[in-house]
Amino acid sequence: MEEKLQKAIKVVLGGALGIFIGRSLWLRQDVRARPELYQANSAPWYTPLLWEGAILLGLFLLGGLAWWLLDRRRKK
């Protein structure tokens, strides 16, 4: 059962990382293609990426904690 949970954690974290990287690349390309849309905002264009990166970091911390707990439980 622990192996299935660890595999699920890997899939979720890998998917979240892939989505973050894809969104970052898409946003950078959109800024290059239409800079006038992003100049109208008072915040820099990368501000949403900072929030999403913080959420991703939290998700990785939770995933790492769950992974560690599962590994610790398996070693007992």
Side-chain angles (χ1 to χ4, degrees):
M1 183 67 176
E2 286 91 10
E3 292 174 5
K4 288 184 179 183
L5 286 173
Q6 285 182 334
K7 187 174 182 179
I9 291 170
K10 280 185 189 180
V11 169
V12 168
L13 293 180
L17 183 62
I19 289 170
F20 179 74
I21 291 171
R23 168 116 166 86
S24 300
L25 293 173
W26 175 84
L27 183 60
R28 181 64 185 132
Q29 183 60 31
D30 196 42
V31 169
R32 284 184 180 176
R34 298 181 282 182
E36 64 279 355
L37 292 176
Y38 297 93
Q39 289 173 351
N41 292 337
S42 62
W45 64 269
Y46 54 84
T47 302
L49 292 178
L50 295 176
W51 286 105
E52 293 166 10
I55 293 169
L56 182 66
L57 178 63
L59 184 64
F60 267 86
L61 288 174
L62 286 175
L65 177 64
W67 186 280
W68 179 74
L69 289 173
L70 287 172
D71 193 43
R72 186 174 163 200
R73 182 177 170 185
R74 188 175 2 154
K75 288 181 180 179
K76 281 187 178 182

Where is the tightest heavy-atom contact between I9 and G63, given as atom of each residue plus distance?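 In terms of heavy atoms, the two residues are closest at CG2-O, 3.9 Å.
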Is [Y] reachable from [X] through a run of I, L, V, M, F, W or Y residues, each pair having side-chain heavy atoms under 4.5 Å apart?
X   : Y   : answer
W26 : V31 : yes
Y46 : F20 : yes
L50 : L27 : yes
L69 : L13 : no
L61 : I55 : no

Quick one: which residue pairs count as a side chain to side chain donor-acceptor pair (under 3.5 Å) with a foot in residues 58-69, not counting sequence neighbours?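 Sorted pair list comes back empty.
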With [X] via side chain to side chain contact (heavy atoms under 4.5 Å, CB included) - residues at least two apart:
X   : answer
A16 : L56, L59
E2  : L70, R73
L25 : I21

With salt bridge (Lys or Arg N to Asp or Glu O under 4.0 Å) as the rule and sequence neighbours excluded, what pairs involving residues 7-31 come up?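 Sorted pair list: R23-E52, D30-R34.
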Pairs touching residues 53-67 that satisfy salt bridge (Lys or Arg N to Asp or Glu O under 4.0 Å), sequence neighbours left out: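 For residues 53-67: none.
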With K4, which residues qualify under salt bridge (charged side-chain N to carboxylate O under 4.0 Å, His left out), at least two apart?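 Listed in chain order: nothing, the list is empty.
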